[in-house]
Each structure stands twice: as structure tokens, then as C-alpha cells.
2 protein chains.
Amino acid sequence: MAQASEHIINPNVSVDNVILGFADNELKVLLIERERVEEVPDDFLALPGNLIYEDETLDQAAERVLYELTGLKNIFLEQFHSFGDPNRIRKKQDLDWLKAIRAHPEARVITVAYYSLIKADNYNPTPSAFAQKAFWVPITDVGQLAFDHNDIFYRALEHLKDKLYKYPIGFELLPEKFTLAQLQRLYEIILQTKLDKRNFRRKILKTKFVVPLNEKQRGVAHKPARLYHFDKERFKSTEHRYVSY
Amino acid sequence: MAQASEHIINPNVSVDNVILGFADNELKVLLIERERVEEVPDDFLALPGNLIYEDETLDQAAERVLYELTGLKNIFLEQFHSFGDPNRIRKKQDLDWLKAIRAHPEARVITVAYYSLIKADNYNPTPSAFAQKAFWVPITDVGQLAFDHNDIFYRALEHLKDKLYKYPIGFELLPEKFTLAQLQRLYEIILQTKLDKRNFRRKILKTKFVVPLNEKQRGVAHKPARLYHFDKERFKSTEHRYVSY
DNA sequence: TCAAAAGTGTTCAAAATACACCCATGT
DNA sequence: ACATGGGTGTATTTTGAACACTTTTGA
């Protein structure tokens, strides 16, 4: 049920998108069931991706795939690596699926991988035109994926970790108003480590771009936490220095 | 004068290589004159790159291009970004050249960019099969390049800078035996900053993978500097910790 | 009144920074 | 003998790490 398109498709280049969200104190990834094809059993979930159009940039292709899948625009989205092993598609199930769905199923496809971070605010994916169903899967529960998508997914998480040491991208995953405990939990999950509460708070607040609001959590069965938000303007105007040598 | 090849060429995907070397206390990039074509004036230098073969990985393609150009193998080589603007080739001179040289000059080409670091030891490039001439150009003297190669080059330097804060890749650019002053100079160039000599030395020597040799410079008109080398094994066995939160 | 998570300060150790003079060599 | 770059130590400030109790709320 491929959709009509006036665009010419490039049979050799695709984008794949590792879309991450944070909810229920967990990091989750958006996976799709591939389009169902008669006679082709398919129990692999996949990262949302597709061939690019000849008249769009790589970034535009990634945005488009994200939009088609989630209905969201203006989302944090960044290229992190390209994957081009000629054998990246070698599972029989993948080959059968491609034969049924692609104009050139045998074509060698290089994929440019992006990751994107979605705020819990915007959490509900709109099932897309080309995917049957989309699911948020906790990153600890990701099983065998289609194609080489496990490699891509793993590398996205590594990349995210590297970025987080230098850039405050964690905020892209949180709602506009968040508690410091949420932020800390997010850092702990991405960095795969335990952080000291007092030291973490001191460090975050010293930055001056995480600003306290005069607002608290409501309806929690414990002391309600103060809410904070991330001030992009203050962040931009901050001097960002590296570790020195 | 394209060389004979048993390989099928993928007309849509290329690799481009930003090859950096360090000599005369300067960082230099290896640029080529494109193959000369009758009637097509061409005064742009270019990054060495080429279309990939259908049966090689991206890394293999990058290694191959490097080998064809320099005769070197087992060189530090790393993918850093892919470039795919449909208009990345828009200068008339580039179009004319492609028309003269490519089987599908109009094809849209996505390029996967690599950077590679070459030791001063191995410094002399062997002019390649597909390039007329190769030059080491000081990075401060790079003029307008072919295609979008200025973008690619700029981004490679940024990437190198980011890497250097975390990984000791600078050693890939130095000879086996080097002085701490050379190392410091290299850091200063890449990071675009001035470093304090005493603090730099203390910090480098504390790592334990830069080891002093019982050997000194010879024939210099000043106190000869001790030589050091980078111990890969010690580096690998070191705990590499991040800045914490 | 209890359970659950929020919030808060101090001490110690390690790392970063700033800074100036003597040394060994070739010409 | 002089010009050139090599090599070294200390004091101060800043940052990181470890650690335990009181507070506020809903159930």
C-alpha cells in the first residue's frame, strides 16, 4: 500500500531514524511493524526509515520520515553515522520482504542514520502511511530487529551518550517543565551510571540555563518537587568551554 | 583515463577523504588536481574521493581511495559525516568536469566523508591512478575547492577538534618518536588555542601512555629535546573516564 | 502516622591555572 | 658569547566526590 508520490526515489540511499522518547521514567525507542505482505511472515520490528527522494536533502528525508511516522515537526534530529555494508541485508526474512515491496529489491542500499529526541509532551505517535503500527519499546526490551537495525540502534545510544557529556540535549526528551529528579534519572539511564543527588543538583543549577519555576508537582504522595525549565536563550549565550590541555 | 576495473560502480554513493598530515610545524591537507579533461578548464583542487564499488563496504572504499592516492595502508581513518544536498554540485566547472568523466554525470551523489591522519614518517604521497597530482596544502592556505569540498573540509577539522578532547588521536599525525613541543604545537593548531608549556607537559606525562625514550634530538641549535613515544598498549589498558555529572 | 521522594551543606582530595628562570646546544 | 628552544616547581583557585538527615505531601 505504498502511497502515491510525485517524487523520484533513489534506490540506493535510505535514511533510518532512531526516535527516542522518555516516559514512565524509561527511555523508549519508536519501532514499527513493516508493511504486511501476503505470504511473507515477518516478526521483526524495524526502525522507521525509507528510501530518499532525489530532490530532497538527507536532513529533509529524515524529517519527512519522522513526520510521516509521528506527525511531529521541529524535533531534535541529527545525523550520526552511515551504514553501508553490502551484506547489511542478509536475513532471509528481510530479503523476502524487500522482494515483495521494493521496485529494486536487490539494490544495494546505503543508509544514513539519524537519531531524534521527542518530548514526553508530544508522546503519541500517529501511525504512519507506510508503517502498519508503531510502538514505543523500552530500550531494555528491544529484541532482534530487521536488517542491521540492531547495530544502528546500539550506535545511536552510544552517540547520544557521547553528546550528553558536552551538550545538554537531555532536555529535548523532557517536557517543558520537569523536576530535577526526572533530569537526573534521564542522565543516569543514558550515561548508564548512578549519580549523586546533591552533586548533580549543584552542578545543574550552577549552569544557569536550568531555571526554577514558581510551580510544583501536584498530586504526588510525597513532598512535591519544584519544576524547572530549560532556557535555550541562556544556554546559547553561555560560554561553552572544553576540558583543557 | 579511468582504470580498468572488474567492479561494478554505484553511481549514487561516493566517499571523500580529508587526509591530514603534520610537517614543518603545520597541519596540512592532501588535495588533488582532478583528472584533466580536454576543453574543460579546471582550477579547483579537490579532496580525494570516488564512487564506491557495489561489493565493498564504505570503510573499504575509503581505505581504497586512500591507498590509491598515497600507497598507504593501516592508517587512522574514520567516517564523520555524510553529505547529500541535491545541489552540492552546482558550480558550472564541476558540472562540466562530471560530464566529461562520469558515466552518469547527472546522477545525484551522496558522499560519505572520512578523515584520516598520516604520520610525518610516511609523508610522501604517491600520486594516484586517478589523480594527476597530489599536494600537501597548509590548512590555512586552502582556497575554493571543487564541489562542496570546502564544507566537508571545514567539518572534518571541527570533528577532529571534538575528538581530540577525548581521544589522543594527535599521535596519529606525529612520527613514532616526537618531542613534547611538537605534540603541544599540534594540539594548539587543532584546538586553535595557546597552551601553557608546564601544565601541558604535566598533564600529558600523567597519562602514562606517552613514554620518554633515552634519546634526544640531534643537530639542533639549542638544548636538544627528549624524544617520547605513544604506547598504544598502555593506552588501551587505561580506564577512560568521562567528565561526570 | 507512615511511606515516599524532595531538598539541603560540609569536608576532603584532585585538578586546573598562573607564572619565571636556568640549561644545553650550534653557530 | 650569544641565540634558540628545552626543561622545571610552587602556590592558589576551582572542581569533584563522598556522605545523612529533615521536610512535605497523600493515603
Side-chain angles (χ1 to χ4, degrees), chain A residues 22-26 164-166 168 174-175 177-189 191 193-229 238-245, chain B residues 22-26 164-166 168 174-175 177-189 191 193-229 238-245:
Chain A
F22 184 69
D24 315 317
N25 266 345
E26 275 189 311
L164 193 59
Y165 286 106
K166 270 186 55 186
L174 292 174
K177 301 172 181 181
F178 54 85
T179 69
L180 292 184
Q182 283 178 296
L183 184 63
Q184 183 178 342
R185 172 97 177 113
L186 178 58
Y187 271 69
E188 288 178 340
I189 290 173
L191 302 179
T193 184
K194 192 97 193 62
L195 301 170
D196 179 89
K197 183 164 60 162
R198 283 180 282 196
N199 294 339
F200 180 79
R201 291 174 157 250
R202 186 176 25 251
K203 191 156 177 173
I204 291 294
L205 295 177
K206 196 157 58 59
T207 66
K208 300 301 176 205
F209 47 77
V210 176
V211 305
L213 302 170
N214 282 325
E215 208 174 330
K216 297 190 169 188
Q217 281 182 312
R218 309 272 240 104
V220 286
H222 55 77
K223 179 171 175 179
R226 160 164 260 128
L227 297 173
Y228 292 78
H229 91 280
T238 309
E239 213 21 72
H240 299 292
R241 299 207 309 101
Y242 289 99
V243 188
S244 65
Y245 272 89
Chain B
F22 185 69
D24 314 317
N25 267 346
E26 274 190 313
L164 193 60
Y165 286 107
K166 270 184 57 187
L174 292 174
K177 301 171 181 182
F178 53 85
T179 70
L180 292 184
Q182 283 178 297
L183 184 62
Q184 182 177 342
R185 172 99 177 114
L186 179 59
Y187 270 70
E188 288 178 340
I189 290 174
L191 302 179
T193 184
K194 193 98 193 63
L195 301 170
D196 179 271
K197 183 165 58 163
R198 282 181 283 196
N199 295 338
F200 180 79
R201 292 174 156 250
R202 187 176 24 249
K203 191 155 176 173
I204 291 293
L205 294 176
K206 197 158 55 58
T207 66
K208 301 298 176 206
F209 47 77
V210 177
V211 307
L213 302 170
N214 283 325
E215 207 174 329
K216 299 194 169 185
Q217 281 181 313
R218 307 273 240 105
V220 286
H222 53 77
K223 179 173 175 179
R226 159 163 262 131
L227 296 174
Y228 292 78
H229 91 277
T238 309
E239 211 24 70
H240 299 291
R241 299 206 309 103
Y242 288 101
V243 188
S244 63
Y245 273 89

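Chain letters run A, B, ... following the sequence lines, proteins first and then strands; every chain starts at 1. This one's a predicted model, so the numbers in the text were calculated from it and none came from an experiment.
- Across residues 212-222 of chain A, A:Ala221, A:His222 each have a non-hydrogen atom less than 4.0 Å from an atom of DNA chain C (numbered order).
- For A:Phe178 and A:Tyr228, the distance between ring centers is not under 6.0 angstrom.
- A donor-acceptor pair under 3.5 Å links the side-chain atoms of A:Arg185 to the main chain of A:Asn25, judged by distance alone.
- Atom CZ of A:Arg201 and atom P of D:dT15 are 21 Å apart (whole Å).
- Checking side-chain atoms of B:Asp196 against main-chain N and O of B:Arg198 turns up a donor-acceptor pair under 3.5 Å.
- Exactly one residue among B:Gln182, B:Glu215, B:Gln217 makes a side chain to side chain donor-acceptor pair (under 3.5 Å) with B:Lys177. That residue is B:Glu215.
- Looking at heavy-atom distances under 4.0 Å, B:Arg185 makes no contact with the nucleic acid at all.
- Atom-to-atom, NZ of A:Lys194 to P of D:dA17 comes out at 15 Å; the value is rounded to the nearest Å.
- In this structure, CD on B:Gln184 lies 11.0 Å from CD1 on B:Ile189, to the nearest 0.5 angstrom.
- With rounding to the nearest 0.5 angstrom, the CG atom of B:Leu205 is 5.5 Å from the CG atom of B:Leu180.
- As rounded to whole Å, 15 Å separates atom P of D:dT14 from atom CG of B:Asn199.
- Rounding to whole angstrom units, CZ of residue B:Phe200 and C1' of C:dA18 are separated by 18 Å.
- Atom P of nucleotide D:dG7 and atom CG of B:Leu195 are separated by 17 Å, given to the nearest angstrom.
- Taking NZ of A:Lys194 as the start and OH of A:Tyr187 as the end, the distance is 15.5 Å to the nearest 0.5 Å.
- Nucleic acid contact for B:Arg226: sugar-phosphate only, since backbone atoms but no base atoms lie under 4.0 Å from a heavy atom of the residue.
- The CG atom of B:Leu183 sits 6.0 Å away from the CG atom of B:Leu174 when rounded to the nearest 0.5 Å.
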Extract from the structure each pairing of a protein N or O with an N or O of nucleotides 20-22 of chain D at less than 3.5 Å, listing the distance.
unit_1, atom_1, unit_2, atom_2, d
D:dA20, N1, A:Arg198, NH1, 3.2

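- Rounded to whole angstrom, the span from the CZ atom of B:Arg202 across to the P atom of D:dA11 amounts to 13 Å.
- The separation between B:Asp196 atom CG and D:dG9 atom C1' is 12 Å, rounded to whole Å.
- A distance of 6.0 Å separates CG of B:Leu213 from NE2 of B:His229, quoted to the nearest 0.5 Å.
- A straight line from CD1 of B:Ile204 to P of D:dG7 spans 14 Å, rounded to a whole angstrom.
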